[in-house]
Amino acid sequence: MVLIALHLAGGVALLTWGLHMVESGLMRAFGASLRRFMARSLGSRFNAFCAGLAITGALQSSTATGMITSSFAARGLMRPVTGLALMLGANVGSTLIVQAFSLDLSWISPVCLLTGLVLFEKGKGSRNRDVGRASIGLGLMLLALTLLVATVQPAETAPALRTVLGALSGEPVLNAALACVLTWAAHSSIPVVLFVMSLANLHTVPMDTAVAMVLGANVGSALNPYFEAARGDDRSRRRLPAGNLLMRGGVCVALLALCGPLARLLSGFYDDPGRAIADFHTGLNVAIAMLFIGVLEPVARLLERLLPAPAVADDANAPRYLDEAVLHEPSQALACATREVIRMGEIVEMMLRTSVPVLLANDRRAASDIAGRDDAVDTLHDEIKRYVTQVTREPLSEGERHWASVTMTWVINLEHIGDIVDKNLMDLAQRKIKAQVSFSDEGVEELRAMHQSVMDSYHRAQTLLLSGRRQTASQLIADKQALRSMERRARDRHLERLREGKPDSIASSSLHLDVLRDLVRIQSHICALAYPLLEYGTGSEEGEPVASRGR
């Protein structure tokens, strides 16, 4: 018994970790565009229902689909009604897996793992690496479900369980509770329903007991996503799984009083008890979907009242200064956008300032923290672009059009700098930690000098946004040439150390050259911030703040 519990706990842990990899991989790869995709593809509840059915057919688990859906809904990537419809489809999809369980679909897990490993290893610094991470996570989830099924199946021949089931005969609530606990432990209703079908075929349990256990298995399947979502402090993450539990669990609990009539009805139509249980499981979830698919809006409103989202101010990634009320006043709106750009620039400045020291110190935790801040940069990038685009729909003066163009230039280049720090420099930091290599003392000094030069340019660019001095813009262009000269000298000295056979330089050569390359790329994006000012009119030597040009 202890060994079975240990296997169940390990399977659940693997399933949870796989979910984390799927969520993080998909959000890193497609986080910026996933909202638009889901709005187009899942705008209709019926489309969402079909999508949930198809996804569950691929994952072989409504629990896995429900957990992923809850994660995306919590990030605002789908409307509550859409998520609830998707979960209804997932419930039906899991029953079809029971119907077709004679087909061996276990090959999907190794395919996902192998594909993910190839993409992860070959896609360094690209979106393919994050897609590979998600594929590996999906493979781990399917593998975990296979292990959970294999753990539960042998129990059907255990004499102790037969004794317990015999004692519970005629007690639908207790039978349902037992199946609910087994489903919760296995994180899937599929093995439990198959287990009940086997018991029914062997006439170990009567039909009314089997019906009660199927109802309990459906309740247990709805409990798993809810408990997963309940781990955090954000109560809004529980909305979809709570809604699914309310609809699916509520109907199943109500039907416990009708186990006897349902059992007699099934026995009258079916000679094969196992087939009767499978069809009852499918019909039950189809009926639940048909009952609730048309009334999801009031269910969603009820869940929003019962489980409110935290205040927007608690979201560190949310924009703070984009006031929708002043969109009809371009100058005021652009001033709001500029304040948000300054805030975005401060986040990027922190990422850039700590990037090379973290890389040199082999600080894995700090590297992960920097990578996490890129989520805020991506969010602000999308929101500021959306806001400025709305502003440009109003009649603008020439100065306001230039101001809007400068703002967009800043937003785009700041986002590129954040991506280079996250996707490149922090990836190099992780590689350096894994390889346990160190730069030579000379190489460390070269990297620190180049990093300081880049930081000086970045601070100059921040000043440029507020001052608008053409002299500052010209200095940024000169910085670019100076850094390229530093990079050439550092590269030449590095090659000289390689010729001398210095061990640290040989071991870290690829990483060293990649860091030099990425610093030059960041410098190019910093210099790009100066071009709109130099290209706009003649200006004055002293210049004026960019934000004042539209007034």
Side-chain angles (χ1 to χ4, degrees), residues 35 37-57 61-96 176 180 183 189 211 214-230 234-259 261-262 265 279-309:
R35 187 193 305 270
F37 170 77
M38 287 192 168
R40 290 196 304 268
S41 302
L42 301 180
S44 162
R45 71 187 66 186
F46 299 103
N47 289 343
F49 176 86
C50 294
L53 193 152
I55 293 170
T56 302
S61 171
S62 62
T63 298
T65 305
M67 290 162 70
I68 295 173
T69 303
S70 299
S71 298
F72 285 162
R75 294 173 179 266
L77 298 177
M78 64 174 65
R79 297 186 304 117
V81 170
T82 301
L84 290 171
L86 197 148
M87 297 189 86
L88 288 175
N91 296 338
V92 176
S94 68
T95 71
L96 299 182
C180 180
T183 303
S189 63
V211 168
V214 169
L215 294 173
N218 279 273
V219 176
S221 182
L223 282 174
N224 284 306
Y226 180 80
F227 285 137
E228 287 292 333
D234 184 359
R235 298 177 66 194
S236 65
R237 292 181 66 93
R238 309 175 201 172
R239 286 177 185 168
L240 292 190
N244 186 49
L245 181 59
L246 177 66
M247 295 183 292
R248 194 181 189 185
V251 170
C252 291
V253 170
L255 288 178
L256 284 176
L258 301 175
C259 284
L262 288 172
L265 181 65
D279 288 351
F280 171 68
H281 181 47
T282 300
L284 171 66
N285 283 278
V286 170
I288 293 172
M290 293 176 64
L291 177 65
F292 287 102
I293 193 73
V295 294
L296 293 180
E297 286 90 349
V299 173
R301 288 195 295 270
L302 175 64
L303 293 171
E304 288 175 356
R305 286 197 297 269
L306 295 176
L307 300 169

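Between Arg248 atom CZ and Leu223 atom CG the span is 10.0 Å, to the nearest 0.5 Å. Atom CZ in Phe46 sits 11.0 Å away from atom CG in Leu88 (nearest 0.5 Å). Note that the CE atom of Met87 and the OG1 atom of Thr82 stand 13.0 Å from one another [nearest 0.5 Å].
Between Asn244 and Ala222 the shortest heavy-atom distance is ND2-CB, 3.8 Å. Contact detail for Val219 and Cys180: the closest heavy-atom pair is CG1-SG, 4.1 Å. Of all the heavy atoms in Ala300 and Val81, the pair that sits closest is CB-CG2, 4.0 Å. Residue Phe49 comes nearest to Ala289 through the heavy atom pair CE1-CB, 3.6 Å, listed as atom of the first residue, atom of the second, then distance. Residues Leu284 and Cys252 share a closest heavy-atom pair of CD2-SG, 3.8 Å. Closest heavy-atom contact between Gly243 and Leu303: CA-CD1, 3.6 Å.
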Derivation of the side-chain contact (heavy atoms from CB on, under 4.5 Å) call for Met247 and Leu296: CA-CA 10 Å; Met247 295 183 292; Leu296 293 180; 3.9 Å; yes
side-chain contact (heavy atoms from CB on, under 4.5 Å) assessment of Ile288 paired with Asn91: CA-CA 9 Å; Ile288 293 172; Asn91 296 338; 5.6 Å; no
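For Arg45 (side chain) and Ile293 (main-chain N/O), a donor-acceptor pair under 3.5 Å exists by modelled atom type. Formation of a donor-acceptor pair under 3.5 Å by the Thr95 side chain with backbone atoms of Val92 is found in this model.
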